[in-house]
Amino acid sequence: MESQVTKNETGIDNLDVGDMIKSFKGVTNNPLSKFIINRTFDYCEKDKADRLEVGLDLLFNNRENACIRCTILSKILSVLIKKGMTSFGVNEDELNEVMKDPHWVRGLSSVVKGIGKFGVQKPFVPGAPFQVVWNITRACNMKCVHCYENAGRKDVDELNRDEINQGLEINSKAGVTSVAFSGGEPTINPHITTYIKNANELGMYPAIATNGYRLSKEYVCNKFADAGLEFVQISIDGLNPETHDSFRGVEGSWEKAIQAIENCVERDFFVEVATTVTTHNIEEIPKIINYVKDLGVHWLMLYNFIPTGSGSDISEMDISPQNRLNLLETAYDENMIGDMQVLSTAPQFAPVAESLQSKSSLIPTHFYNPEYDNPQVMQLADFVGGCGAGRFYMSIEPNGDIYPCVFFPHDEELKLGNLLEDNFEEVWKNNPLLKTLRNKNLLDDHCGSCESKNICGGCRARAYTYFGDVKAPDPGCIRNQNKWNELKMKIPEFQEIQNGNILINLTSQ
């Protein structure tokens, strides 16, 4: 995965993004081209893949033959893709090289599908989730105080092995690009390596989010490598082992996590370290950045703390808007040093970066930090930036229930459906809640009027958790300082603590 796009890599010095967007809108509004695009969305039983993907594989020489219909489609796609390359100023040889990776082909397929299904809109919606985070079990070998999942013991209604494999096929046929297995703790599931292997064989990019305890053993790490695992996210909650272990509820868990990181780096996994930022560890973040950078980690993801699940019991650990702003400014500066990317699930990272453009033209998104030398290209941030809940990704619970994001509470009004009981593609396309989350014109208060709403829009899970409304403002933003202050006034169970943070007992409401 590349984390930056520059003019030298794409040759887009003179790109007029406005003309490019008009060009794509022209294509999607043309009845003939729209008809052609929509005819590519069905699944080809003969070629055992989405017709659009088969056509793209033929186009990029990843497949030697296919049925007549897919072959004809490939010729048509060639015209459309070349038009797109001209619009983006992309070199054909470079594109062919990138598209040797089947996961990039699947991602491109989802982009084309999104244009056909939803049009060219702000924010952009792909034809299927780029990523599904699947909590395959609630069982866990730790007792994390900030766990959004209330993990611990396995639930009685969790999907069995055959049902999970059936669910993987559903995700694949829908066009999901990546499946990230989470939990609970996914590595303690006895069939996890089989699920990873199956996801890979079905064309999806396999990833896991783990506490690292089991991966600290080299032979276990080798099993995951042999299964085809490519991306590993390992949680570190502090540079001080006591900070981490107290969060995780298991003595020695920090040492295991660090050993797991070293094992995974050695085996050439793409390694991301995840840190949920709270008042408990915020002072350690700069040192964590330097430490994991020296370990050879590719990404450090700074997670928003969202007081849901077990985290609702420690809501006092949420950081203030000012502290979040300071943190994101630090993260931005760190991206100017070395190869490791520092990312954040806080959508406010994008407007913070925009305000610091004198240093670099970098506009962060949830998945990567693209950097552009051409200011015009930064207009694309309006299409891809901001909260990705129900737009770039969704989550699946151990029983198959579907939610917009793993950080949403499991309230009935937030449930989108069930993987095995409902039509996954229909949910993605027409679910009313997803339509609401994708329409930033519906946002309330300052988030709705903010000039940065297209590249940010606030974290919808935080908005719902604090105010019970997915359209509400995110109180973690400095521009919503008044909402943070209102929380302090309306909720009696609070007290001031250092650095402007507040203690709130949400469970008493």
Side-chain angles (χ1 to χ4, degrees), residues 1 103 131-144 147 149 151-155 158-162 164-165 167-168 178-202 204-239 241 244-245 247-276 288 291-292 294-301 396 398 406:
M1 288 187 183
H103 303 116
Q131 184 179 74
V132 165
V133 179
W134 193 337
N135 297 323
I136 58 170
T137 182
R138 194 159 279 118
C140 190
N141 52 4
M142 293 192 182
K143 304 172 184 177
C144 304
C147 179
E149 190 66 6
R153 293 183 178 182
K154 179 180 178 180
D155 282 345
E158 292 187 6
L159 300 184
N160 61 37
R161 179 178 59 181
D162 291 340
I164 290 177
N165 284 327
L168 287 172
S178 173
V179 173
F181 297 104
S182 187
E185 174 51 42
T187 63
I188 65 175
N189 184 290
H191 309 297
I192 182 61
T193 52
T194 299
Y195 301 146
I196 290 169
K197 182 179 179 181
N198 289 349
N200 219 339
E201 291 177 349
L202 289 167
M204 296 179 290
Y205 185 81
I208 60 169
T210 173
N211 56 41
Y213 203 89
R214 291 200 67 227
L215 293 180
S216 64
K217 299 177 180 179
E218 291 190 12
Y219 79 92
V220 175
C221 220
N222 290 337
K223 287 183 178 180
F224 281 87
D226 292 341
L229 182 66
E230 300 198 40
F231 185 106
V232 180
Q233 180 193 86
I234 300 173
S235 296
I236 295 292
D237 293 311
L239 187 58
H244 179 90
D245 292 358
F247 252 64
R248 297 279 152 179
V250 175
E251 187 175 352
S253 59
W254 184 87
E255 292 181 2
K256 296 288 188 182
I258 298 301
Q259 184 61 58
I261 293 171
E262 293 175 346
N263 289 345
C264 291
V265 169
E266 184 178 343
R267 282 155 184 78
D268 292 326
F269 290 135
F270 193 100
V271 181
E272 174 184 285
V273 166
T275 300
T276 300
I288 291 175
Y291 185 80
V292 300
D294 290 341
L295 291 177
V297 166
H298 298 86
W299 287 353
L300 171 65
M301 180 68 78
I396 300 174
V406 293

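When side chains are defined from C-beta on, Ile208 counts as touching Ile196, because their heavy atoms get closer than 4.5 Å. Taking the side chain as every heavy atom from C-beta outward, Pro186 and Trp134 never approach each other to under 4.5 Å. Using a 4.5 Å heavy-atom cutoff, the side chains of Phe181 and Thr210 are not in contact. Looking at Tyr213 and Thr187, their side chains never come closer than 4.5 Å, going by heavy atoms from C-beta outward. Using a 4.5 Å heavy-atom threshold, the side chains of Arg248 and Ser235 count as touching. Within the 4.5 Å cutoff, the side chain of Val406 has no heavy atoms near those of the Ser182 side chain.
With Val250 as reference, Met142 is the one residue of Lys256, His244, Met142 to meet the side chain to side chain contact (heavy atoms under 4.5 Å, CB included) rule. Of the listed residues (Val265, Leu239, Val297), just one forms a side chain to side chain contact (heavy atoms under 4.5 Å, CB included) with Val292, and that residue is Val297.
For residues 191-201, the side chain to side chain donor-acceptor pair (under 3.5 Å) pairs, not counting sequence neighbours, are Asn165-Asn198.
Residues Glu218 and Asn222 bring no donor and acceptor atom of their side chains to less than 3.5 Å of each other. For Glu185 and Asn211, the side-chain atoms include at least one donor-acceptor pair closer than 3.5 Å.
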Given side chain to side chain contact (heavy atoms under 4.5 Å, CB included), test Cys221 with Phe269 step by step and report yes or no. CA-CA 10 Å; Cys221 220; Phe269 290 135; 4.0 Å; yes
Would Asn263 and Leu215 count as a side chain to side chain contact (heavy atoms under 4.5 Å, CB included) if you check the C-alpha gap in whole Å, the side-chain angles of each, and the deciding distance to 0.1 Å? CA-CA 7 Å; Asn263 289 345; Leu215 293 180; 5.9 Å; no
Check the pair Ile192 / Ile136 against side chain to side chain contact (heavy atoms under 4.5 Å, CB included), numbers first and verdict last. CA-CA 9 Å; Ile192 182 61; Ile136 58 170; 3.7 Å; yes
Before giving the answer on side chain to side chain contact (heavy atoms under 4.5 Å, CB included), spell out for Val271 and Leu295 the whole-Å C-alpha distance, their side-chain angles and the decisive distance to 0.1 Å. CA-CA 10 Å; Val271 181; Leu295 291 177; over 6 Å; no
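Counting all heavy atoms, side chain and backbone alike, Asp245 lies closest to Ser253 at OD1-OG, 2.8 Å. Shown here for Pro206 and Leu229, the closest heavy-atom pair between the two residues is O-CD1, 3.8 Å. When all heavy atoms are compared, the tightest approach of Gln259 to Ser216 is CG-O, 3.4 Å. Nearest approach of Ala139 to Glu158, heavy atoms of both residues: N-OE2, 4.2 Å.
Of the inter-residue distances, the one linking Trp254 atom CH2 with Asp237 atom CG reads 12.5 Å to the nearest 0.5 angstrom. To the nearest 0.5 Å, the span separating CD on Gln233 from CD1 on Ile261 amounts to 10.5 Å.
Using modelled atom types, one side-chain atom of Ser178 and one backbone atom of Tyr205 make a donor-acceptor pair closer than 3.5 Å. Using a distance-only test at 3.5 Å, with no hydrogens or angles considered, a donor-acceptor pair links the side chain of Thr275 to the main chain of Ile236. Side-chain atoms of Asn135 never come within 3.5 Å of backbone atoms of Gly184 as a donor-acceptor pair (strictly under, hydrogens ignored).
Using the six-membered ring where Trp is involved, Phe231 and Phe270 have ring planes that are parallel, under 30° apart on the 30 and 60° scheme.
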